[in-house]
Trainee: 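Structure incoming, see below.
Heavy-atom basis, side chains included; hydrogens, waters and symmetry copies ignored. No experiment lies behind these values; they were computed from the predicted model shown. Chain letters run A, B, ... following the sequence lines, proteins first, then strands; residues in each count from 1.
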Amino acid sequence: MIAVVDYRKGNLSSVQRGLQDAGLDARITDEAAAIARARAIVLPGVGSFADAAGSMEQLGQMEVLRQRIAAGVPFLGICLGMHLLFEGGSEHAAPGVPTPGLGVIPGTVDALPAADGAGRTYKIPHVGWNNVDQCVPGNPLFAGIADGEYFYFTHSYAAPPCSAAIATATHSVEFPCAVQVGEACFGVQFHPEKSSDAGAALLRNFAAIANRP
Amino acid sequence: MLTKRVIPCMDVAEGRVVKGVNFVNLRDAGDPIQLAQRYDEQKADEVIFLDITATSDKRATTVDLAARAAGELHLPYTVGGGFRTVEDIRTMIAAGADKVSVNSAAVADPSLITRASQAFGCQAIIVAIDAKRRADNPNKWEVYVAGGRKATGIDAVEWAVEAARRGAGEILLTSMDCDGSRDGFDCALTRAVARAVDIPVIASGGVGKLEHFAQGILEGEADAVLAASVFHFGELTVRQVKEYMAAQGIPVRL
């Protein structure tokens, strides 16, 4: 069973359906015990960092997620689910006091700047289809997916530059849009479940990772 | 680089596409999901379902549609029309809609934008504006509500700025002068709004041919272009439009 973690902030059926289409037995659950038993875990992105983190703490999901990721269980965080892999997030938090995340990757998730280094302004939220530039060729999450392929993004906050980055995208700044920690823990800023054929290919790649013996 | 979006819009009543759909090779032109899937194949970037159901008791079918779409569509979709309260919006988001668009209710009570944006995130809230050029000043546009039947006296550019300030994630801007004309977008209106706000603007109303789509981006400075009948009748495919835009140097996903 693949657990789609429900922290009660929105509809997860498109994520579930995307994983099912990739051949995974994906079930939506909010129970820590079910998450602990799952052979792979998907953390979707709904709501704000502070809201989601608070809800996950209340539901007892944070600690079990940390343990399972540390144990090497295949994991995919989507959008906010990727942000939650980081130490903290500044969205809806007091200035200088980010809300703690899972802490798997160092750094704080901050608002995307509205201008680039040259002072050119950009529309925020970053919404629409953008190129995903792979940092290293041959990552299993991007197997068979062309470097620079388009995926669907919708977000106002982004991960800080980090050594975990396996792909980047560029709006006002270049930011990590896919990360990997260890063998099987991944996060993606874009929405594979909303990214048509390219997204389906990525979810099949995650399914192959999740189904490794 | 972030691409410019092409968005087919479907008018839906009681869960069925209405008004001018005569799609070639489609078994059931009235099924919004089937039509949206066809647009997905043509590389549409997202779709909008505009609920024009007159009575609120029949809106449950649109909630069902949103729920079906969550399972069956692999591209983002917006549901617009008839939202009056945060609870109305919550029901649609809970059913699976990625975004909702609000119009008249936001004009009546702008705090709806603030509250909905806080509850669901700005990326989920589109503010739709129907604007008409003022007879006494061709450089000003007035906001209309109630499906374009009622003038408000509000300046469209000022209202867009207010909506963005209150947490709208995008502006869906329809020119009432151009809508249905097939003469192209009101690029002056679109540009005025696009320059005034720091959120994406979707241009709507008036496209009849390929050139119009590119004009909306290049002259109107829009982030996305919306059309309905030219797609529904199969006169143009989304792919044709995007290939044309690409040839004009506009970044699009093909």
Trainee: Give, for atom OG of A/Ser195 and atom CZ of B/Arg253, the distance between the pair rounded to the nearest 0.5 Å.
Mentor: 8.0 Å

Trainee: CG of A/Asp197 to CG of B/Asp40: how many Å apart, nearest 0.5 Å?
Mentor: 6.5 Å

Trainee: Quick one, A/Lys123 with B/Asp198, criterion salt bridge (charged side-chain N to carboxylate O under 4.0 Å, His left out). Give me CA distance, side-chain angles, the key distance, then yes/no.
Mentor: CA-CA 5 Å; A/Lys123 302 291 177 99; B/Asp198 49 11; over 6 Å; no

Trainee: Give, for atom OG of A/Ser14 and atom OH of B/Tyr77, the distance between the pair rounded to the nearest 0.5 Å.
Mentor: 7.0 Å

Trainee: Any sub-3.5 Å donor-acceptor pair from A/Trp129's side-chain atoms to B/Asp45's backbone N or O?
Mentor: yes

Trainee: Side chain, backbone, both or neither: which part of A/Tyr122 has a non-hydrogen atom closer than 4.5 Å to chain B?
Mentor: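 For A/Tyr122, the backbone is the part near chain B, not the side chain.
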
Trainee: Could you state the interatomic distance from OG (A/Ser196) to CG (B/Leu75), rounded to the nearest 0.5 Å?
Mentor: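 Going from OG on A/Ser196 over to CG on B/Leu75, the span is 6.5 Å.
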
Trainee: Would you check if the side chain of B/Thr3 reaches a backbone N or O of A/Asn130 as a donor-acceptor pair within less than 3.5 Å?
Mentor: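 Checking the backbone N and O of A/Asn130 against the side chain of B/Thr3, no donor-acceptor pair under 3.5 Å is found.
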
Trainee: How long is the straight-line distance from CE of B/Met1 back to NE2 of A/His171, given to the nearest 0.5 Å?
Mentor: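 Those atoms lie 10.0 Å apart.
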
Trainee: Who among B/Glu41, B/Arg5, B/Lys43 has the most heavy-atom pairs with chain A under 4.5 Å?
Mentor: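 Of the candidates given, the most pairs with chain A belong to B/Arg5.
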
Trainee: I need the contact set between residues 140-152 of chain A and chain B: heavy-atom distance under 4.5 Å, sorted by residue number.
Mentor: A/Tyr150, A/Tyr152

Trainee: State the CG-CZ distance between B/Leu73 and A/Arg17, to the nearest 0.5 angstrom.
Mentor: 10.0 Å

Trainee: Report which part of A/Ser48 has an atom under 4.5 Å of a heavy atom belonging to chain B: side chain, backbone, both, or neither.
Mentor: neither

Trainee: How far apart are the closest heavy atoms of B/Cys122 and A/Ser156, and which atoms are they?
Mentor: SG-OG, 3.7 Å

